[in-house]
**Student:** 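Input: one structure, supplied below.
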Amino acid sequence: MNKITVIGGGNLGSAIVGGLLKSGKFDAENITITKRNPETLHELKLAGVKVLVDNNKAVENADIIILAVKPYQIQEILTGTTFYDDQIVISAITGVWLKDLHQWINSKVFLFRAMPNTAIAIQQSMTCISSNGAGAEQIAIVKELFDHLGEVAFIEEKLMNAATVLGACGTAFALRYIRASIQGGIQIGFSAEQASFIVAQTVKGASELLLINHTHPEQEIDKVTTPMGCTIAGLNALEHKGFSSSLITGLVASYEKIG
């Protein structure tokens with residue numbers, strides 16, 4: 001079984017390791033994670049994951065290394081870490097291009113970029129992946145790894161910033177919609193617990209309709225909008241307040257921030 005090292009034990013790195021463990025496909029003893037303050041990873045350590053401070057020691061025997069640190073940290077970390085030929089290195093770092101990673105790593109590794117989201121912790125991530133110079137064998141290994149953690153899409157690297165906004169920032173946008181719906185649900189009579197459950201399941205069901213039926217959102221919307229009904233009244237009120245345009249504006253603002 002491949003030995004996996006995650007460099008960076010923050011929210012994303014910890015979520016990746018948590019997802020690997022919960023998938024049941026990876027043994028804790030084959031997973032290593034690094035962090036400057038390892039005491040915050042106490043639960044992972046109790047689960048059998050190796051928790052280290054030294055990145056060089058962490059990558060010594062690794063087959064796959066996942067980089068999950070802040071963009072401003074990556075150059076220093078890579079230039080200070082010894083990698084080995086034929087290791088697979090996967091960057092989950094926003095805005096850092098493969099050409100830059102190649103410059104900072106002095107070994108002949110197989111480089112990938114991957115943009116998962118925090119739902120990776122429950123094997124429900126949407127992970128977009130791009131590579132440069134990797135062979136079919138390495139691509140298959142990376143795909144299999146992330147297949148255990150959700151859905152995978154291979155894209156051109158030029159779309160990776162857009163994938164970050166749509167798939168990673170998009171989690172926050174979706175949750176903000178859910179929060180607003182819960183608040184509205186409370187105002188019209190539900191308890192917070194009831195509203196939270198109803199809204200979350202409704203959003204989950206709406207997503208599954210698109211994923212399973214392969215339909216356009218408007219097709220599913222048409223099924224619940226009857227003439228002079230309450231649904232179309234609500235939709236029109238949302239659009240009068242700029243619902244769609246506000247969301248698009250937010251997506252573009254996030255994209256421009258990365259660029």
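Keep in mind the model is a prediction, meaning the values are calculated, not measured. All residue numbers in this chain count up from 1 along the given sequence. Computed from heavy atoms alone, side chains included, the values below leave out hydrogens, waters and symmetry copies.
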**Student:** Please check this pair: side chain of Arg113 against backbone of Val96, looking for a donor-acceptor N/O pair closer than 3.5 Å.
**Tutor:** yes
**Student:** In Å and rounded to the nearest 0.5 Å, what is the CG to OG1 distance from Asn161 to Thr94?
**Tutor:**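 The OG1 atom of Thr94 is 7.5 Å from CG of Asn161, to the nearest 0.5 Å.
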**Student:** Under a 3.5 Å distance rule, please check whether Ser23 uses its side chain to pair with a backbone N or O of Lys25 as donor and acceptor.
**Tutor:**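 The answer is yes, because a donor-acceptor pair under 3.5 Å joins these two groups.
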**Student:** Checking Thr34 against Val6 for the side chain to side chain contact (heavy atoms under 4.5 Å, CB included) test, could you report, in this order, the C-alpha distance in whole Å, the side-chain angles of both residues, the deciding distance, and whether it holds?
**Tutor:** CA-CA 7 Å; Thr34 69; Val6 177; over 6 Å; no
**Student:** Tell me if the CG atom of Asn56 is crowded by more than 12 foreign heavy atoms within 6.0 Å.
**Tutor:**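 Above 12, so yes.
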**Student:** Using a 3.5 Å distance criterion without hydrogens, assess whether the side chain of Ser125 forms a donor-acceptor pair with backbone atoms of Asn117.
**Tutor:** yes
**Student:** Can you find a pair of side-chain heavy atoms, one from Val152 and one from Ile129, that are under 4.5 Å apart?
**Tutor:**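 With C-beta onward as the side chain, the pair touches.
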**Student:** Can you confirm whether Lys70 is buried at NZ, in the sense that more than 12 heavy atoms of other residues, nucleotides or ligands lie under 6.0 Å from that atom?
**Tutor:** no
**Student:** Considering only heavy atoms from C-beta outward, does the side chain of Ile88 approach that of Leu145 to under 4.5 Å?
**Tutor:**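 With C-beta onward as the side chain, the pair stays apart.
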**Student:** Give the C-alpha distance, both sets of side-chain angles, the deciding distance and a yes or no for side chain to side chain contact (heavy atoms under 4.5 Å, CB included) between Ile7 and Val69.
**Tutor:** CA-CA 7 Å; Ile7 295 179; Val69 298; 4.1 Å; yes
**Student:** Checking Met160 against Ile155 for the side chain to side chain contact (heavy atoms under 4.5 Å, CB included) test, could you report, in this order, the C-alpha distance in whole Å, the side-chain angles of both residues, the deciding distance, and whether it holds?
**Tutor:** CA-CA 7 Å; Met160 193 56 77; Ile155 63 173; 4.2 Å; yes
**Student:** Closest approach of Met115 and Ala168, non-hydrogen atoms and distance?
**Tutor:**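 What the structure gives for the nearest pair is SD-CB, 4.1 Å.
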**Student:** Is a side-chain donor or acceptor of Gln194 paired with a backbone partner of Ser191 at a separation under 3.5 angstrom?
**Tutor:** yes
**Student:** Hey, does the side chain of Ser107 reach the backbone of Phe83 with a donor-acceptor pair shorter than 3.5 angstrom?
**Tutor:**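 Checking the backbone N and O of Phe83 against the side chain of Ser107, a donor-acceptor pair under 3.5 Å is found.
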**Student:** What heavy-atom pair brings Leu52 and Ala58 nearest, and what distance separates the two atoms?
**Tutor:** CD1-CA, 3.8 Å
**Student:** Are the side chain of Gln103 and the backbone N or O of Asp100 linked by a donor-acceptor pair below 3.5 Å?
**Tutor:** no
**Student:** For a 4.5 angstrom cut-off between non-hydrogen side-chain atoms, does Asp85 reach Val109?
**Tutor:**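 Answer no - side chains too far apart.
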**Student:** Could you tell me whether Phe197 atom CZ has more than 12 heavy atoms of other residues or ligands within 6.0 Å of it?
**Tutor:**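 Incorrect, the count does not exceed 12.
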**Student:** Compare all side-chain heavy atoms of Glu220 with those of Val224 and state whether any distance is below 4.5 angstrom.
**Tutor:** no
**Student:** Under 4.5 Å between side-chain heavy atoms, counting indirect links through other Ile/Leu/Val/Met/Phe/Trp/Tyr residues: same cluster for Ile141 and Ile120 or not?
**Tutor:** yes
**Student:** Evaluate the side-chain proximity of Leu251 to Phe173: yes if any heavy-atom separation is below 4.5 Å, no if none is.
**Tutor:** yes
**Student:** If you look at every heavy atom in Thr5 and Ala62, which pair is closest and at what distance?
**Tutor:**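 Smallest heavy-atom distance, with atoms named: OG1-CB, 3.5 Å.
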**Student:** Does Leu111 reach the side chain of Asn132, with side-chain heavy atoms less than 4.5 Å apart?
**Tutor:** no
**Student:** Walk me through it: do Leu44 and Leu21 pass the test side chain to side chain contact (heavy atoms under 4.5 Å, CB included)?
**Tutor:** CA-CA 9 Å; Leu44 292 179; Leu21 294 175; 4.1 Å; yes
**Student:** Heavy-atom distance under 4.5 Å between the side chains of Ile77 and Asn55, does that happen here?
**Tutor:**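 A side-chain contact exists here, since the closest heavy-atom pair is under 4.5 Å.
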**Student:** Is the number of heavy atoms from other residues, nucleotides or ligands under 6.0 Å of Glu193 CD greater than 12?
**Tutor:** no
**Student:** Under a 3.5 Å distance rule, please check whether Ser14 uses its side chain to pair with a backbone N or O of Asn11 as donor and acceptor.
**Tutor:**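 Side chain of Ser14 to backbone of Asn11, a donor-acceptor pair under 3.5 Å: no, none is there.
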**Student:** Ile90 and Ala114: which non-hydrogen atoms are nearest, and at how many Å?
**Tutor:** CG2-CB, 3.6 Å
**Student:** Would you compute the distance between atom CG of Asp147 and atom CD of Glu144 and round it to the nearest 0.5 angstrom?
**Tutor:** 7.5 Å
**Student:** Looking at Glu151, I'd like to know if its CD atom is crowded, meaning that more than 12 non-hydrogen atoms belonging to other residues, nucleotides or ligands lie closer than 6.0 Å.
**Tutor:**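 It does not: Glu151 CD has 12 such atoms or fewer within range.
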**Student:** Rounded at 0.5 Å granularity, tell me how far NE2 in His216 sits from CG in Asp222.
**Tutor:** 10.5 Å
**Student:** Taking side chain as C-beta onward, heavy atoms only, is Ile4 less than 4.5 Å from Phe26?
**Tutor:**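 The answer is yes, as the side chains (C-beta and beyond) meet within the 4.5 Å cut-off.
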**Student:** I would like to know whether Lys3 and Asn61 meet side chain to side chain donor-acceptor pair (under 3.5 Å); could you show each step before the answer?
**Tutor:** CA-CA 7 Å; Lys3 294 183 181 296; Asn61 298 308; over 6 Å; no
**Student:** State plainly whether one hydrophobic cluster holds both Leu101 and Phe110, where clusters connect Ile, Leu, Val, Met, Phe, Trp and Tyr through side-chain heavy atoms under 4.5 angstrom apart.
**Tutor:** no
**Student:** Okay, side chain of Gln87, backbone of Tyr84: is any donor-acceptor separation there less than 3.5 Å?
**Tutor:**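 Indeed, once roles are kept as given, a pair shorter than 3.5 Å links the two residues.
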**Student:** Are there over 12 heavy-atom neighbours, none belonging to Glu76, within less than 6.0 Å of that residue's CD?
**Tutor:** no
**Student:** Check whether any side-chain N or O of Glu157 sits under 3.5 Å from a backbone N or O of Leu98 as a donor-acceptor pair, and report yes or no.
**Tutor:**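 Answer holds: yes.
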**Student:** Taking atom CG of Leu159 and atom OG of Ser130, what is their separation to the nearest 0.5 Å?
**Tutor:** 9.0 Å
**Student:** To the nearest 0.5 Å, what is the distance between CD1 on Ile66 and CD1 on Ile16?
**Tutor:** 5.0 Å
**Student:** Rounded to the nearest 0.5 Å, what's the gap from CD on Gln138 to CD1 on Ile64? Could you check?
**Tutor:**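 If I round to the nearest 0.5 Å, the distance is 10.0 Å.
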**Student:** Quick one: closest heavy-atom pair of Ile232 and Thr225, and the distance?
**Tutor:**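 Taking every non-hydrogen atom into account, N-CG2, 4.2 Å.
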**Student:** Regarding Glu239 and Ser244, do their side chains bring together a donor and an acceptor under 3.5 Å, going by distance alone?
**Tutor:** yes
**Student:** Using a 6.0 Å cut-off, check whether atom CD of Gln201 has over 12 heavy atoms from anything other than its own residue.
**Tutor:** yes
**Student:** What are the two closest non-hydrogen atoms of Val51 and Pro38, and how far apart are they?
**Tutor:**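 Val51 and Pro38 have their closest heavy atoms at CG1-CB, 3.6 Å.
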**Student:** Check for me, please, whether Leu175 and Leu238 land in the same ILVMFWY cluster - side-chain distances under 4.5 Å, paths through other members count.
**Tutor:** yes
**Student:** Examine Leu209 and Ile178 and state if one hydrophobic cluster contains both, with Ile, Leu, Val, Met, Phe, Trp and Tyr joined whenever side-chain heavy atoms are less than 4.5 Å apart.
**Tutor:** no
**Student:** Same hydrophobic cluster for Ile105 and Ile65, using side-chain heavy-atom links shorter than 4.5 Å among ILVMFWY?
**Tutor:** yes
**Student:** Ignoring hydrogens and angles, tell me if any N or O in the side chain of Asp54 forms a donor-acceptor pair with the backbone of Lys57 under 3.5 Å.
**Tutor:**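 Judged by distance alone, yes, a pair lies under 3.5 Å.
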**Student:** Are there more than 12 heavy atoms of other residues, nucleotides or ligands under 6.0 Å from atom CZ of Phe190?
**Tutor:**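 Result for CZ/Phe190: open.
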